[in-house]
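Notes follow once the structure below has been shown.
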Amino acid sequence: MGSTEVDILNQVKSNLQGITGGSYNFDFSASDRVVIGQDQEPVRVPSLYVHPISVATSQPSGKVNLRSYLREFRLQIDAFVPSTSSAPGTGLYAALNAGSDVMKALELDRSLSSVGVRDVQIDMSAWDGHELDRPGIGVCSMQVKIIYSEVAGT
């Protein structure tokens with residue numbers, strides 16, 4: 001039996017692969033566009049790289065049942081997307097649009113399809129690729145905090 005963290009990670013990947021253009025800005029649906037736990041060089045554009053950062057557990061009094069624990073699973077999602085032109089700032093706009101796509105996809109399924117998730121919180125930073133010696137692209141980095149409950153001993 002796999003861990004809840006693996007189930008969450010698999011559902012996050014599925015949700016990100018659901019970013020298919022249309023109502024989104026970008027299309028990350030191809031099989032090689034959402035990468036879990038590894039870096040690719042050169043970076044594929046557009047692409048999303050998902051890295052687990054940490055899992056923390058707590059048992060705050062009065063907030064959970066006696067045998068339950070709250071857990072926080074932190075992920076980092078890095079987006080690399082093409083800039084629409086060589087004009088300064090267009091990479092930044094593209095990065096912000098990609099971040100918006102990721103937020104919409106994860107916030108649309110806040111429970112992450114019933115794997116016990118209570119909340120998803122996202123912090124985002126974006127850059128024009130020129131700032132990172134990657135001209136012609138936008139780069140967005142998101143810290144995702146996924147809060148869920150786990151029953152002791154299961």
Side-chain angles (χ1 to χ4, degrees), residues 2-60 63-64 68-84 89-134 136-151:
S3 68
T4 301
E5 293 77 21
V6 169
D7 293 342
I8 290 170
L9 198 56
N10 287 334
Q11 189 58 46
V12 165
K13 181 177 182 178
S14 176
N15 289 1
L16 295 176
Q17 287 176 322
I19 300 173
T20 59
S23 63
Y24 295 104
N25 296 289
F26 293 97
D27 183 352
F28 297 107
S29 62
S31 63
D32 63 346
R33 298 299 172 185
V34 179
V35 180
I36 303 292
Q38 61 184 356
D39 290 324
Q40 299 286 333
E41 281 297 330
V43 171
R44 292 185 179 116
V45 176
S47 62
L48 298 170
Y49 296 89
V50 181
H51 297 277
I53 298 174
S54 66
V55 177
T57 189
S58 64
Q59 192 176 33
K63 294 189 178 190
V64 295
S68 295
Y69 291 87
L70 282 180
R71 289 201 178 155
E72 291 182 6
F73 187 19
R74 292 184 183 262
L75 304 173
Q76 179 170 324
I77 301 175
D78 296 316
F80 297 89
V81 292
S83 181
T84 57
T90 56
L92 176 65
Y93 293 151
L96 289 170
N97 286 334
S100 176
D101 287 349
V102 169
M103 287 191 280
K104 286 177 188 174
L106 295 180
E107 291 168 353
L108 182 65
D109 183 13
R110 291 186 80 78
S111 70
L112 291 173
S113 294
S114 303
V115 289
V117 171
R118 294 179 176 209
D119 198 11
V120 175
Q121 300 171 3
I122 304 170
D123 293 325
M124 178 176 73
S125 298
W127 301 270
D128 189 303
H130 290 284
E131 298 176 63
L132 305 171
D133 292 328
R134 294 194 181 264
I137 67 172
V139 180
C140 180
S141 184
M142 293 154 275
Q143 297 285 320
V144 179
K145 180 167 58 171
I146 298 168
I147 301 167
Y148 60 100
S149 58
E150 192 80 270
V151 176

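For the single chain, residues carry numbers from 1 onward in sequence order.
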- Message: Working to the nearest 0.5 angstrom, can you tell me the gap between Glu131 CD and Leu92 CG?
- Response: 7.0 Å
- Message: Just checking Tyr24: does its OH atom have more than 12 heavy atoms from other residues, nucleotides or ligands closer to it than 6.0 angstrom?
- Response: yes
- Indicate the atoms forming the closest heavy-atom contact of Thr4 with Glu150, along with that distance. OG1-OE2, 2.8 Å
- Message: Side chains of Ile137 and Leu132, heavy atoms from C-beta outward: is any pair under 4.5 Å?
- Response: no
- If you take all heavy atoms of Phe26 and Asp101, which pair is closest and at what distance? N-OD2, 2.9 Å
- Side chain proximity check, Val50 to Lys13, heavy atoms < 4.5 angstrom: no
- In this structure, NZ of Lys145 is separated from CD1 of Ile122 (nearest 0.5 Å) by 12.0 Å
- Task: Give, for atom CD of Gln38 and atom NE2 of His51, the distance between the pair rounded to the nearest 0.5 Å.
- Result: 8.5 Å
- Is the closest side-chain heavy-atom distance between Leu16 and Val102 below 4.5 Å? yes
- Message: How long is the straight-line distance from CG of Asn25 back to CD1 of Ile19, given to the nearest 0.5 Å?
- Response: 9.5 Å
- Item | Heavy-atom pair of closest approach, residues Ser47 and Phe28 | N-CE2, 3.5 Å
- Task: For side-chain hydrogen bond (donor to acceptor under 3.5 Å, both in side chains), just list the numbers for Thr90 and Ser83, CA-CA rounded to whole Å, side-chain angles, deciding distance to a tenth of an Å, and then say yes or no.
- Result: CA-CA 6 Å; Thr90 56; Ser83 181; 2.7 Å; yes
- Task: For Ser31 and Gln17, work out which heavy atoms get closest and say how close.
- Result: O-NE2, 4.2 Å
- Leu108 side, atom CG; Met103 side, atom CE - distance, nearest 0.5 Å: 14.0 Å
- Task: Starting at SG of Cys140, measure out to CH2 of Trp127 and round the result to the nearest 0.5 Å.
- Result: 7.5 Å
- Query: Looking at side-chain heavy atoms only, is the closest gap between Val12 and Ile146 below 4.5 Å?
  - Reply: yes
- Message: I'd like to check Val81 versus Tyr93 (side-chain heavy atoms, cut-off strictly below 4.5 Å). Are they in contact?
- Response: no
- Of all heavy-atom pairs between Ala126 and Ala95, which one has the smallest distance, and what is that distance? CB-CB, 3.8 Å
- Just do the side-chain hydrogen bond (donor to acceptor under 3.5 Å, both in side chains) check on Gln11 and Asn15 with the steps written out, would you? CA-CA 6 Å; Gln11 189 58 46; Asn15 289 1; 2.8 Å; yes
- Query: Nearest heavy-atom pair of Tyr148 and Val55: which atoms, and what distance?
  - Reply: OH-CG1, 3.8 Å
- Can you list the residues that meet the salt bridge (Lys or Arg N to Asp or Glu O under 4.0 Å) rule with Asp32, with sequence neighbours excluded? Arg44
- Does any N or O in the side chain of Asp128 come within less than 3.5 Å of the main-chain N or O of Gly89, such that one atom is a donor and the other an acceptor? yes
- Are the side chains of Gln143 and Ile53 in touch, meaning some heavy atoms are under 4.5 Å apart? yes
